[in-house]
Amino acid sequence: MSFNVSDANPEKAALPAAGVAGFLALMPVFMVLAPSPTGVLAPLTALIFLGCYWRRLPLDRLLKAPPTSGLILLAVWGLASALWACNASMAASKALAFLAVSLPLLWLTLAPQASNTALVAKGFIVGLLIAAALLAGQTYSDTLLRSSLPGARVVLAAIKLNVPAAALCVSCWLLPQASAHLSRPWRWAAGLAWLLVGWAVFAGDGSAPRLGFIVGGLTLAFSWFRPRAAIGLLVACVLVAHLSAPFLGSSELAQKAFQPMSWRHRMDIWQLAGRLIAERPLLGYGFGNSGEIPALPGRLPLTQLRAALPLYPHNVLLQAQLDLGVLGAVAFYSCFGYLLRCLWRLPRAVQASGVAVIAAALSVWCVGYPLWRATWVAWLYVTALAFQATRQAPGSAAATTRPEATGSPLKQSA
């Protein structure tokens, strides 16, 4: 994920540290208080930020960067899918919304980051600590702070808190990297934030955040000693998860291992998604159209529910293929491979953080949340920015490693 665009004068081109630190401090708090508006607030803030400093940024390189081209091509394919989608207007609007959310945040992440990474790291730690405290407090009291606002709907807190819990369980694995070269009080603050996130994740009701937290921790521990082996293992696990998900429901071993109704329902809809993919393998059903696919005859075998997807298949690997066909799967693995290639030559500690974040995010997304929703898309970009902006703290290995280790793949491909 070392993908910032280099410039002839890095100090002049870099984004201001105070601005990046403020952005990373505010976003986790907003995510915990109101996840849905974060999908609008984050790209809007990024757009304003870029607008204020566009004169100091290498705009030509941002436009020509491979991730920019890939994002635009994906959005164009999503627009084209309206021609055969179950709901044409939904496919077109969601593809445009995906582009509008992604592009400003992508450019903010690709832009050269400030050299004062200590200030940025402190901003990130403060934001995550406040967010973790708010999440833990709401989890403990089983209430939503936003429900106390005038006119707010009263909703079940446990269900709504799953989203920020899953978000923080992904980003918290950047705390060791962000705090490694700061003073002891800041390391204690990072440790407290991590503990609060862990407590909220396991005290809550969601299985996806727990899985993400466990997988992220195990991956960080393993990749600290064998980072490249961890990358290879992650690739193998993703491929196995993708290929095996539609067949778990028919496996007696899986049925015995996953007894809770929520997991049996997941296995049912993964099996259903596999059947639907087999019916339209090349083009899919249209961008963001998983929930628009008509129900099939009969009932789901394990839960006896109606044979229809509940808005999305609770597995991003299957959803990319279900919505956009073969090209959707190619786009997903191209992005996945690009991120891992960017990590490959980075220092060990940085690799470990990056692999842990990716593993945690995929664990959450492969059992729970939708692929194209603005909230999740925005949060993954915020996490990528935090990784990029905190990875070269003063005196860190990243700042003293061999030159080729810190070179930007975008520079090499320009």
Side-chain angles (χ1 to χ4, degrees), residues 1 66-67 70 74 77 166 170 173 207-208 211-223 226-251 253-255 257-258 263 266-285 290 309 312-346 351-372 376 380 383-384 409:
M1 284 190 290
L74 179 60
W77 180 247
V170 171
W173 300 111
S207 55
L211 179 63
F213 193 86
I214 292 171
V215 170
L218 292 176
T219 303
L220 182 68
F222 178 60
S223 60
R226 299 291 301 274
R228 293 190 172 182
I231 291 175
L233 181 61
L234 178 60
V235 172
C237 289
V238 169
L239 289 172
V240 169
H242 189 173
L243 296 175
S244 65
F247 304 101
L248 289 178
S250 57
S251 166
L253 180 62
Q255 292 178 33
F258 299 103
W263 280 99
R266 284 182 174 92
M267 291 193 292
D268 262 346
I269 59 179
W270 293 342
Q271 188 173 3
L272 175 61
R275 290 169 56 191
L276 293 170
I277 288 171
E279 291 182 5
R280 295 178 66 170
L282 296 180
L283 300 178
Y285 293 83
S290 295
L309 292 177
Y312 51 91
H314 288 66
N315 185 308
V316 294
L317 306 173
L318 296 179
Q319 188 176 358
Q321 192 172 359
L322 187 68
D323 287 359
L324 297 178
V326 172
L327 285 182
V330 170
F332 178 89
Y333 282 103
S334 296
C335 177
F336 180 52
Y338 177 79
L339 292 176
L340 295 182
R341 184 175 73 88
C342 290
L343 283 174
W344 189 255
R345 291 187 176 182
L346 292 179
Q351 281 183 329
S353 296
V355 177
V357 166
I358 293 174
L362 286 174
S363 299
V364 167
W365 254 5
C366 283
V367 300
Y369 304 101
L371 177 58
W372 315 111
W376 278 109
L380 292 179
T383 304

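All residue numbers in this chain count up from 1 along the given sequence.
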(message) Working to the nearest 0.5 angstrom, can you tell me the gap between Arg345 CZ and Arg228 CZ?
(response) 8.0 Å

(message) Please find the pair of heavy atoms, one from Ala245 and one from Asn315, that lie closest to each other, and give the distance.
(response) CB-ND2, 3.9 Å

(request) Could you please spell out the steps behind the side chain to side chain contact (heavy atoms under 4.5 Å, CB included) verdict for Phe336 and Leu234? (result) CA-CA 10 Å; Phe336 180 52; Leu234 178 60; 4.0 Å; yes

(message) On the six-membered ring of Trp263, is Arg266 placed so that its NZ or CZ lies under 6.0 angstrom from the centre and within 45° of the ring axis?
(response) yes

(request) For residues Leu362 and Val238, determine if any side-chain heavy atom of one lies less than 4.5 Å from a side-chain heavy atom of the other. (result) yes

(request) To the nearest 0.5 angstrom, please state how far the CG atom of Leu318 sits from the CG atom of Asp323. (result) 10.5 Å

(message) I'd like to know whether the aromatic ring centres of His242 and Tyr333 sit less than 6.0 Å apart in this structure.
(response) yes

(message) Applying ring pair (Phe, Tyr, Trp, His ring centres under 6.0 Å), can you list everything that pairs with Trp270, at least two apart in sequence or on another chain?
(response) none

(request) Say whether, by atom type as modelled, one donor and one acceptor occur between the side chain of Gln319 and the main chain of Leu371 under 3.5 angstrom. (result) yes

(message) Please give me the minimum heavy-atom distance between Ala352 and Ser223, naming the atom from each residue.
(response) CA-OG, 3.2 Å

Report all side-chain donor-acceptor pairs from residues 273-282 shorter than 3.5 Å, counting only partners two or more places apart or in another chain.
{"from": "Arg280", "atom 1": "NE", "to": "Gly284", "atom 2": "O", "distance (Å)": "3.4"}
{"from": "Arg280", "atom 1": "NH2", "to": "Trp84", "atom 2": "O", "distance (Å)": "2.9"}
{"from": "Arg280", "atom 1": "NH2", "to": "Gly284", "atom 2": "O", "distance (Å)": "3.3"}

(request) Compare all side-chain heavy atoms of Leu343 with those of Leu346 and state whether any distance is below 4.5 angstrom. (result) yes

(message) Once you measure the plane-to-plane angle for Tyr312 and His314, does it fall in the parallel (<30°), tilted (30-60°) or perpendicular (>60°) bin?
(response) parallel

(message) Quick check for you: to the nearest 0.5 Å, what is the distance between Leu243 atom CG and Leu317 atom CG?
(response) 9.5 Å

(message) For a side chain to side chain contact (heavy atoms under 4.5 Å, CB included) check, start with the C-alpha distance between Leu211 and Val364, then their side-chain angles and the critical distance, and finish with the verdict.
(response) CA-CA 7 Å; Leu211 179 63; Val364 167; over 6 Å; no

(request) Locate the shortest heavy-atom distance separating Tyr369 from Ala208; write the atom from each residue and the value. (result) CE1-CB, 4.0 Å

(message) If I compare all heavy atoms of Ala166 with all of Trp376, which pair ends up nearest, and what's the gap?
(response) CB-CH2, 3.5 Å

(message) So, taking the atom named CG in Leu340 and the one named CD1 in Ile358, what distance separates them when rounded to the nearest 0.5 Å?
(response) 5.0 Å

(message) How close do Ala359 and Thr219 get, counting heavy atoms only, and between which atoms?
(response) CB-OG1, 3.4 Å

(message) If I compare all heavy atoms of Ser290 with all of Leu309, which pair ends up nearest, and what's the gap?
(response) O-CD1, 3.7 Å

(message) Quick check for you: to the nearest 0.5 Å, what is the distance between Trp365 atom CH2 and Leu380 atom CG?
(response) 4.5 Å

(message) Is there a side-chain contact between Leu322 and Pro313 in this structure, where contact means two heavy atoms from C-beta onward sitting under 4.5 Å apart?
(response) yes

(message) Once rounded to the nearest 0.5 Å, what's the spacing between atom OG of Ser250 and atom CD of Gln271?
(response) 5.0 Å

